[in-house]
Amino acid sequence: MSSPSNEFNSSQNTTERNLKSSIKTVLNFPYIKTIHFMLKILIIIFHICGSISVSIKYDNWGSTRYYNFVAITGIFLVLIIIFAHFFYLTKRFQKIPWKIIELVFDILWAILILIAAAIVTDNAKRYANMESYAAGAFFGFGAFLIFSIDGILRLISIIRG
């Protein structure tokens with residue numbers, strides 16, 4: 001005969017296994033290991049660093065406002081994309097062309113952040129003591145590069161099917 005404590009432990013282990021399997025069906029943990037996720041995290045880091053750099057001294061200038069608008073909006077949209085992939089929304093709503101939406105987003109945001117980085121580069125070059133703008137330009141051009149890489153990888157995956 002088995003003791004009541006053994007029966008309790010086996011039912012508890014079964015419940016834990018069921019909970020783990022139900023979590024795995026809701027959350028897409030393998031997405032965290034993909035190159036697209038890592039690029040999205042790098043984009044978020046570059047946007048945050050660039051936004052802070054540009055806002056250090058000159059937060060009321062138009063170029064700072066534009067840079068921050070592009071960076072902060074980009075962060076929110078990237079977080080929405082990560083959320084959609086992590087919770088299998090891209091699999092649940094397969095009629096939505098997710099890859100094309102992400103490709104258009106990558107291209108559009110690469111262009112917007114390139115413009116923002118060029119504007120702050122011009123300000124950093126034109127005025128003295130604008131090191132924070134130079135740092136913001138560096139992070140902006142870095143984000144442009146990452147968006148471009150992500151877009152190229154996305155385009156390759158669309159072409160291959």
Side-chain angles (χ1 to χ4, degrees), residues 20 23-161:
K20 287 180 182 179
I23 288 174
K24 286 182 181 179
T25 59
V26 174
L27 301 177
N28 185 4
F29 288 111
Y31 177 68
I32 295 174
K33 297 176 184 176
T34 65
I35 186 73
H36 292 293
F37 176 78
M38 292 176 200
L39 289 173
K40 299 288 187 219
I41 296 300
L42 272 176
I43 286 170
I44 290 172
I45 292 169
F46 271 65
H47 277 324
I48 289 172
C49 293
S51 185
I52 291 171
S53 297
V54 169
S55 298
I56 287 177
K57 294 181 183 177
Y58 312 100
D59 61 345
N60 59 353
W61 288 17
S63 56
T64 302
R65 289 180 182 173
Y66 175 72
Y67 189 98
N68 282 336
F69 169 76
V70 171
I72 301 302
T73 308
I75 290 170
F76 284 124
L77 293 175
V78 166
L79 286 174
I80 289 170
I81 290 170
I82 290 173
F83 180 83
H85 282 287
F86 193 65
F87 287 99
Y88 286 113
L89 296 178
T90 56
K91 301 255 192 276
R92 289 185 187 145
F93 303 106
Q94 291 183 352
K95 292 185 180 185
I96 300 173
W98 291 103
K99 289 183 179 182
I100 302 218
I101 290 171
E102 287 185 55
L103 177 65
V104 169
F105 168 71
D106 285 338
I107 292 169
L108 178 66
W109 238 257
I111 292 168
L112 290 176
I113 198 67
L114 180 65
I115 293 169
I119 291 170
V120 297
T121 300
D122 184 53
N123 284 344
K125 182 181 77 171
R126 192 180 312 165
Y127 303 108
N129 299 324
M130 298 284 279
E131 293 83 15
S132 63
Y133 263 36
F138 168 77
F139 289 116
F141 287 124
F144 164 75
L145 214 82
I146 297 168
F147 271 121
S148 299
I149 292 169
D150 193 31
I152 290 168
L153 292 175
R154 185 85 45 207
L155 182 64
I156 291 170
S157 71
I158 289 172
I159 290 171
R160 288 186 179 169

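Only this structure's heavy atoms are used, side chains among them; waters, hydrogens and symmetry mates stay out. Bear in mind the structure is a predicted one, so any value in this text is a computation, not a measurement.
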Residue pairs fulfilling salt bridge (charged side-chain N to carboxylate O under 4.0 Å, His left out) with at least one residue in residues 106-121, sequence neighbours excluded: Lys40-Asp106

Ile41 and Ile82: CA distance, side-chain angles, deciding distance, side-chain contact (heavy atoms from CB on, under 4.5 Å) verdict: CA-CA 9 Å; Ile41 296 300; Ile82 290 173; 4.1 Å; yes

Distance in Å, Ile45 CD1 paired with Ile75 CD1, rounded so as to fall on 0.5 Å steps: 10.5 Å

Residue pair Lys91 / Gln94: nearest heavy atoms and the distance that separates them: O-CG, 2.9 Å

Minimum heavy-atom distance between Ile32 and Met38, given as atom pair plus value: O-CE, 4.2 Å

Please output the side-chain donor-acceptor pairs of residues 154-161 that fall under 3.5 Å, not counting sequence neighbours, one pair per line with the distance.
unit_1	atom_1	unit_2	atom_2	d
Arg154	NH2	His36	ND1	3.2
Arg154	NH2	Glu102	OE1	2.7
Ser157	OG	Arg154	O	2.8

Partner residues of Ser51 under the side chain to side chain donor-acceptor pair (under 3.5 Å) criterion, sequence neighbours left out: Asn68

Partner set under ring-ring contact (aromatic ring centres under 6.0 Å, His included) for Phe93, not counting sequence neighbours: none

Pairwise distance CG(Leu77) to CD1(Ile72) - rounded to 0.5 angstrom: 11.5 Å

Separation between CD1 of Ile35 and CG of Leu39, rounded to the nearest 0.5 Å: 4.5 Å

All N/O donor-acceptor pairs, side-chain side in residues 108-124, below 3.5 Å, sequence neighbours left out:
unit_1	atom_1	unit_2	atom_2	d
Trp109	NE1	Val70	O	2.9
Thr121	OG1	Ala117	O	2.6
Asp122	OD2	Arg126	NH2	2.1
Asn123	ND2	Ser63	OG	2.7

Heavy-atom check, side chain of Ile81 versus side chain of Trp98, under 4.5 Å: no

Determine all donor-acceptor pairs shorter than 3.5 Å in which one atom belongs to a side chain in residues 139-147; sequence neighbours excluded.
none

Donor + acceptor pair across side chains of Ser55, Tyr67 (<3.5 Å): no

Exercise: identify the closest heavy-atom pair between Ser132 and Ser53: CB-O, 3.0 Å

